[in-house]
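Working notes, beginning with the structure itself.
In what follows, chains are A, B, ... by sequence order, proteins preceding strands, each numbered from 1. Quick caveat: nothing in here was measured; it's all calculated off a predicted structure.
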Amino acid sequence: MSKLITYPQLGNYQIPVYYLLSHIQKYPILMPKPMTYRTLELGSKNSPDFVCMPFKHTLGTYIEGLEQGANVLFQLGGGCRYGYYSELQIQILKDLGYKFEYINLVTKGKANLKEIIQKMKDLDPDFSLKKGIYYSLVTGKMIKYMDNIDHYIRKHIGFEQEKGSFDRLNRQMLQEFKHIKGYFHLFFTYQKYKRKFKKIKIYDMKNCIQVGIIGELYTVMEPFANYELERILAEYHIAIKRFTNARYLLVEKGKKIKKYMKNTKDYIKYKMGADASDNIARTKEMGKQKIDGIIHIKSSFCTPEIGAMPIIQKVAQEYQIPVLFFSFDSNTSEVGIRTRIEAFVDMLEMRRNHE
Amino acid sequence: MTIGIPRSLFYYYYGNIWKSFFDELNIPYIVSPNTNRKIQELGSKYANDEMCLSFKNYIGHVAYLQDKCDILLVPRIDNYGNSNQTCTNFLASYDVIHNLFSVPLLTYNIDGDHGKTEKKAFYHMGKVLKKKRLEVQRAYLKACDKAKLKQYQAIRKNILTAKQPGIKVLIVSHPYQVYDELLGKPIVTLLEKQGIKIIYSHLFLEKDLHASSQKISSTLYFKYSKESIGAIELCKNDIDGILFLSSFPCGPDSLVNELAMRKTSLPYLNLVIDDLDGGAGMETRIESFVDILKEKSKCPN
């Protein structure tokens, strides 16, 4: 039986994952299509009622992938409830009558390199560790470069003179990243595009409104899950600040969490699970920087963020920054979100004028 | 100095051991009354509206106790080591209460992965309460013995019930839900009124529960969920039906109960309790479930 691999979608990160998987194993890969309402519907129909949204999103992408003939499903797995997704998803998909192989890289919330290598060898007996390490490192770099560019785009996209120029260039860059030959090729491509991005003409950014986005990681990183919140904000000419990205989760979190815990000593004593303590620390950090406003987004029923919300409110009150809380469900309509953002932005502008 | 103990969540795991520990040390303590409507309302007032019902009630108990005691016992339980994690509400409880109320708090931190065991938590409490180490040690050991004895008696009674004749229903739930006056008690009394014998899922030996839960779900790492679904495999030959009881919107239960429901072949009922008081709907569902079980027991096969 020939194998066709697929994996869940998360922002633009399907490109580095595609790059990595296509080089370390021999089977063809089906890139996940951008999510649509059908994906969400398929996912929520077959999920338990009050599970968090990423479960529904990933299940939906899997079902769509399986419909297109994929039969090997990849899942990363991690802490909180995410580590337990795999077992239930296997059961649900089996009950639906699909035949597939499910590879969950991190089980029981703890990464084990030996286990991961064994799983890759089970998938592809020709898996070579040397190749695996090299391409993982290149992919890591690619993610870093992508995050750097994303950071730049997020800050400036609200002020572009020609509409869509950032998006167009970003798409071009990702297309080239997909067919990178090696590390040096990647490096020079990155440098080339960095220069191109800097050349894009933007309006004056002095005295612009700055908004920070914090919240649950999946909802923050996947535009479909947050109803393209960043694009809506860009329409109002707002510079966006966002902390969570793949590089933060994979590399920086371990180091930064200690600093964060130290900074928030007055509010919290212990780690609160997932990104909750990080978000509290970021709220304080942004409060000190006198940022204009904060938007906290999460999928509904995300327990760690619910625990963090009262504390974020308290911190924000002490530093006098307005916070807008969003809880995204499968039924949330985009119009409602737009109205709330519009009111929030109006309020920020008025605050600005008062000062 | 009076210690306040909220009668919710952690109380149902550690209540006995805490009470005898403080008795041994001659420290007065006050336990909040059973959950009632007033406490629930207090909880909803202070809590975030998306929090799980049991945690809302916990906050209600804390609000009730805040001016009745000098120090409040608010534990924080991260994990018990060896992939025995708890729900994130248990992780955040201390900090949430600390930020919502201005009562001084007594810490009771368990974090198995970082060497913070139950014993250390008790020693820490003793230190904060200004008791000598030897005294604390003696009190802790005595309290342990007493609590264990009580626990074993309850387990024995539960296992003996499972062997009795009659229609038996296993309630798959957490002790803080099933023993709560407002959440689980009405359902339990309703079942008992109809002549159903009840078996509690958490009242088995912990060792057995953990081992048998692996048969249903091999990657499960939530300790309390292990203890609730493990019982299904342990007594599946003795029971007639299963009642899944969870409070809205419980995180681990949403995944684990769904998996257990998909894997079991016994008749089951899934009850999710929220803070709306629609008792009639609940009654109808339970009655029809009991009818099914009764009809089924009449048939030879």
Side-chain angles (χ1 to χ4, degrees), chain A residues 46-52 55 77 79-92 94-96 104 106-110 261 264 266-277 280 298-315 317-318 325 327 329, chain B residues 46-52 55-56 59 76-79 82-101 105 107 109 111 113-114 116 216-222 225 246-263 270 272 274:
Chain A
N46 299 304
S47 307
D49 287 336
F50 39 95
V51 73
C52 41
F55 186 93
C80 197
R81 265 189 276 185
Y82 185 31
Y84 195 67
Y85 279 9
S86 58
E87 203 172 351
L88 186 57
Q89 280 179 340
I90 293 171
Q91 187 67 36
I92 289 173
K94 264 186 192 163
D95 286 351
L96 285 173
N104 186 35
V106 180
T107 44
K108 295 194 174 184
K110 276 172 196 149
M261 291 304 292
T264 47
D266 318 340
Y267 301 101
I268 52 172
K269 196 169 171 184
Y270 303 110
K271 281 182 197 166
M272 288 176 67
D275 279 357
S277 338
I280 294 164
K298 68 169 177 57
S299 75
S300 40
F301 314 129
C302 172
T303 333
E305 293 301 328
I306 292 170
M309 270 161 75
I311 307 174
I312 290 175
Q313 261 167 343
K314 195 186 167 193
V315 178
Q317 220 161 42
E318 269 170 36
F325 289 100
S327 183
D329 201 351
Chain B
Y46 282 101
N48 189 317
D49 48 355
E50 260 182 285
M51 273 170 186
C52 104
F55 197 51
K56 269 187 193 171
I59 292 174
R76 181 255 184 193
I77 299 174
D78 190 317
N79 60 63
N82 296 330
S83 62
N84 281 324
Q85 287 183 18
T86 57
C87 164
T88 40
N89 275 338
F90 282 58
L91 253 101
S93 58
Y94 179 87
D95 291 310
V96 171
I97 302 290
H98 176 69
N99 281 286
L100 284 175
F101 301 96
L105 301 181
T107 354
N109 179 24
D111 189 347
D113 280 350
H114 298 99
K116 301 260 164 52
I216 297 176
S217 164
S218 56
T219 61
L220 184 58
Y221 53 81
F222 301 116
S225 296
S246 58
S247 46
F248 180 84
C250 178
D253 277 3
S254 67
L255 294 170
V256 180
N257 282 1
E258 174 83 15
L259 189 75
M261 274 179 238
R262 281 171 184 268
K263 285 200 172 170
N270 183 23
V272 181
D274 55 14

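Contact record, B:Ser246 with A:Phe50: OG-CZ, 4.4 Å, taken as the closest heavy-atom pair. Annotation for A:Cys80 and B:Phe222: closest pair O-CZ, 4.0 Å, computed over non-hydrogen atoms. When all heavy atoms of B:Glu50 and A:Ser300 are compared, the closest pair comes out as OE2-CA, 3.5 Å. Nearest heavy-atom pair, A:Thr303 versus B:Gly251, reported as atom, atom and distance to 0.1 Å: OG1-CA, 4.4 Å.
Interface residue B:Ser218: backbone and side-chain heavy atoms are both found under 4.5 Å from chain A. Proximity to chain A is limited to the side chain of B:Leu100, based on heavy atoms less than 4.5 angstrom apart. Only the backbone of B:Ile216 comes within less than 4.5 Å of a heavy atom of chain A; no side-chain atom from C-beta onward does. Looking at A:Lys314, only its side chain comes within 4.5 Å of chain B, counting heavy atoms on both sides. Using a 4.5 Å cut-off between heavy atoms, B:Phe90 makes no contact with chain A at all. Only the side chain of B:Asp113 comes within less than 4.5 Å of a heavy atom of chain A; its backbone N, CA, C and O stay farther away. Looking at A:Lys298, the atoms closer than 4.5 Å to chain B (heavy atoms on both sides) all sit in the side chain, from C-beta outward. Contact annotation for A:Ile92: both backbone and side-chain heavy atoms come within less than 4.5 Å of a heavy atom of chain B.
Taken from CD in A:Glu305 to CG in B:Asn48, the straight-line distance is 11.0 Å, to the nearest 0.5 Å. B:Glu258 contributes atom CD, which lies 5.5 Å from atom CG of A:Leu88 (distance to the nearest 0.5 angstrom). Distance check, rounded to the nearest 0.5 Å: CG of B:Leu255 to SG of A:Cys52 gives 7.0 Å. Rounded to the nearest 0.5 angstrom, B:Asn109 CG and A:Lys269 NZ are separated by 8.0 Å. Remark: B:Thr219 OG1 to A:Glu87 CD distance equals 3.5 Å, nearest 0.5 Å.
Most heavy-atom pairs under 4.5 Å with chain B: of the set A:Gly307, A:Pro304, A:Ser277, this distinction falls to A:Pro304. Between chain A and the options B:Tyr46, B:Phe248, B:Phe55, the largest number of non-hydrogen pairs under 4.5 Å is found for B:Phe248. Among B:Val272, B:Asn89, B:Leu220, the residue making the largest number of heavy-atom pairs under 4.5 Å with chain A is B:Leu220. If you tally non-hydrogen atom pairs under 4.5 Å between each of B:Ala92, B:Pro249, B:Cys250, B:Cys52 and chain A, the highest count goes to B:Pro249.
In terms of modelled atom types and a separation under 3.5 Å, the side chain of B:Arg76 and the main chain of A:Lys271 share a donor-acceptor contact. Panel note: side chain B:Asn99, backbone A:Tyr267; a donor-acceptor pair is recorded below 3.5 Å.
With no hydrogens or angles considered, no side-chain donor-acceptor pair links A:Tyr84 and B:Ser225 at under 3.5 Å.
In A:Gln317, the CD atom is not crowded: 12 or fewer heavy atoms of neighbouring residues, nucleotides or ligands sit closer than 6.0 Å. Heavy-atom contacts from other residues, nucleotides or ligands closer than 6.0 Å to NZ of B:Lys263 number more than 12.
Taking the side chain as every heavy atom from C-beta outward, B:Ser254 and A:Arg81 approach each other to under 4.5 Å. Side-chain contact between B:Leu91 and A:Tyr270: absent, with no pair of heavy atoms (C-beta onward) separated by less than 4.5 Å.
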